[in-house]
Number of protein chains: 2
Amino acid sequence: MSELNSDFQLEEAIGMHVNRTAFLMTEEIAKRFASHDLPLSAQDFGILFRLQKQGPVTQVEIASMMMRDKTTITRRIDGLVKKGLVERKPCPDDRRYFRVGLTKAGQQALVVMIPLVRAFQQEVLSDIPDEEKAITIRTLKQISDKLIKLK
Amino acid sequence: MSELNSDFQLEEAIGMHVNRTAFLMTEEIAKRFASHDLPLSAQDFGILFRLQKQGPVTQVEIASMMMRDKTTITRRIDGLVKKGLVERKPCPDDRRYFRVGLTKAGQQALVVMIPLVRAFQQEVLSDIPDEEKAITIRTLKQISDKLIKLK
DNA sequence: TACAATGGTTGCGTTATACAACTATATCGC
DNA sequence: GCGATATAGTTGTATAACGCAACCATTGTA
C-alpha cells in the first residue's frame with residue numbers, strides 16, 4: 001500500500017477501542033444480569049433506569065433517547081411488558097400516546113441491577129485515576145455530541 | 001427507590017457513553033464508506049485493514065481478533081468474497097484451512113477507506129488535546145484488557 | 001490404527017433493526 | 001367548523017448479525 005496509508009495504525013485508532021470496549025462491557029453486564037435471573041440487555045437497563053428517574057415517558061421519547069426507530073421501541077417495550085417490568089398507561093389528555101412506566105417488578109429489578117452496574121463500573125475502572133476517568137468520559141461525550149450535530 | 005441507588009447517575013456512567021459513541025461512530029463511518037460506493041461496515045474495514053497489515057490469515061485467526069464465532073466469520077468472509085474484496089487461498093501444507101487475503105479490488109478499497117477513516121478520526125477528535133486523546137485511548141484499552149482477562 | 005483436535009461449512013433459530021403502510025387522535029389554517 | 005397536516009403507536013415484512021449444534025475433511029497423537 002502507498003506511503004500515504006502506511007502510517008495509519010489501527011491500534012491507535014479510537015474507533016476500534018470504543019467499539020471493542022462497548023462490545024465487551026455490554027456482553028459482561030448482560031451476563032451479570034442474567035446470573036441474577038434478569039435476562040436483560042444493557043439497553044433494557046438504560047430504558048428502565050430512565051423510567052425510574054424521569055417517571056413515565058412516551059415511546060417516542062424513549063426512541064429519541066435510545067436513538068432508535070419508534071417501531072423498534074414498540075417491540076422492545078412489548079418485551080419488557082411481557083416480562084412484567086413496565087406497563088403502558090393510556091393518557092387521558094391525549095389519547096394518541098401511552099405513558100410507559102415501571103411496574104413493581106420493574107422497580108424491584110432495578111434494585112438488583114443498579115448495584116450490579118455500579119459495581120461493574122467501579123470494577124472496570126478500578127485501576128484508573130479519577131482524573132483520567134473524568135477525561136475519558138468527557139472526551140467520549142464530546143465525540144458523541146459532535147456526531148449528533150453532524151446528523 | 002432506596003437511597004442506596006439514588007446517587008447512581010447514568011450520565012456519569014462510562015458504559016453509556018462508550019456504547020453511544022460506538023454506535024454513532026460506527027454509523028457515521030459506514031455512511032461515509034457508502035457515499036464512496038463502498039457498502040461496508042466498520043467491522044469489514046477492520047478485517048480488510050488487518051489483512052493488509054498482516055498478510056493472509058486463517059478464518060479462525062480473524063474470528064479471534066474480531067471476537068466472533070467462526071461461523072459468523074465464514075459468512076462475513078463469504079460477503080467480502082462476493083464483493084470481490086478478499087479471496088480464500090487453499091493452503092497446501094495443511095489442507096484444512098484457507099488463507100484469506102486481499103484481492104486487487106480489496107487493496108483499492110483500502111486506498112479509499114484508510115484516508116476516510118483517518119480523516120474521520122481526526123475530525124471527531126479535532127477539539128480534544130493530544131494528551132486527553134491519549135488518556136482516553138489508554139483508558140479504553142485498560143478496560144477492554146481487563147474484561148478480556150475476566151472471560 | 002483408532003481417537004482427539006482443528007479449520008471450516010451448513011442448518012437453524014434468535015434478536016435487533018428499520019422502512020412502508022396503516023389506524024387513531026390531535027392540531028392548525030382558513 | 002372543516003379539511004389538511006402532524007403525531008403516537010402498531011403491524012407486516014425484510015434484512016442483517018449472530019451463535020449453537022452438527023457435520024465434513026484433515027491432521028496430529030496415543
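Just so we're on the same page: letters track the sequence lines, and every chain starts at 1.
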Distance-only side-chain donor-acceptor flag, Lys146(B) / Ser126(A), under 3.5 Å | yes

Would you tell me whether Gln59(B) and Arg88(B) have side-chain atoms, one donor and one acceptor, within less than 3.5 Å of each other?
-> yes

May I ask you to say what Arg99(A) touches in the nucleic acid, namely base, sugar-phosphate or nothing, with a heavy-atom cut-off under 4.0 Å?
-> nothing

Quick check: does any side chain N or O of Thr103(B) sit under 3.5 Å from a backbone N or O of Glu87(B), one acting as donor and the other as acceptor?
-> no

When all nucleic acid strands are considered with a 4.0 Å heavy-atom cut-off, which category describes Thr74(A): base, sugar-phosphate, or nothing?
-> base

Pairs under 3.5 Å (N/O, protein and nucleotides 27-30 of chain D):
residue: dT27(D); atom: OP1; partner: Arg95(B); partner atom: N; Å: 2.9

Please determine if a side-chain N or O atom of Thr58(A) lies less than 4.0 Å away from the OP1 or OP2 oxygen of dA8(D).
-> no

Considering only heavy atoms of chain B and a distance under 4.0 Å, specify the first and last nucleotide of DNA chain C in 5' to 3' order that meet this criterion.
-> dA5(C) to dC12(C)

By nearest nucleotide on DNA chain C, pick out whichever of Val60(B) and Ser41(A) is the more 5' one.
-> Val60(B)

Phosphate contact (dT10(D) OP1 or OP2) by Gln59(A) side-chain N/O below 4.0 Å = yes

Residue whose closest nucleotide on DNA chain D lies nearer the 5' end, Phe23(A) versus Arg75(A) = Arg75(A)

Could you tell me whether the side chains of Arg76(B) and Ser41(B) share a donor-acceptor contact shorter than 3.5 Å?
-> yes

Please walk me through it: do Arg32(A) and Glu123(A) pass salt bridge (charged side-chain N to carboxylate O under 4.0 Å, His left out)?
-> CA-CA 13 Å; Arg32(A) 293 185 184 199; Glu123(A) 190 179 334; 2.9 Å; yes

Whichever of Lys70(A) and Lys70(B) has the more 5' nearest nucleotide on DNA chain D, that residue is Lys70(A)

The reported gap from CD1 in Ile135(A) to CD in Glu132(B) (rounded to nearest 0.5 angstrom) is 5.0 Å

Mark yes or no: Arg68(A) above the aromatic ring of Phe23(B), with NZ or CZ under 6.0 Å from the six-membered ring centre and no more than 45 degrees from the axis.
-> yes

Checking all strands, does Arg76(A) fall into the base, sugar-phosphate, or nothing category for heavy-atom contacts under 4.0 angstrom?
-> sugar-phosphate

Which atoms form the tightest heavy-atom contact between Gly15(B) and Gln121(A), and what is the distance?
-> N-OE1, 3.4 Å

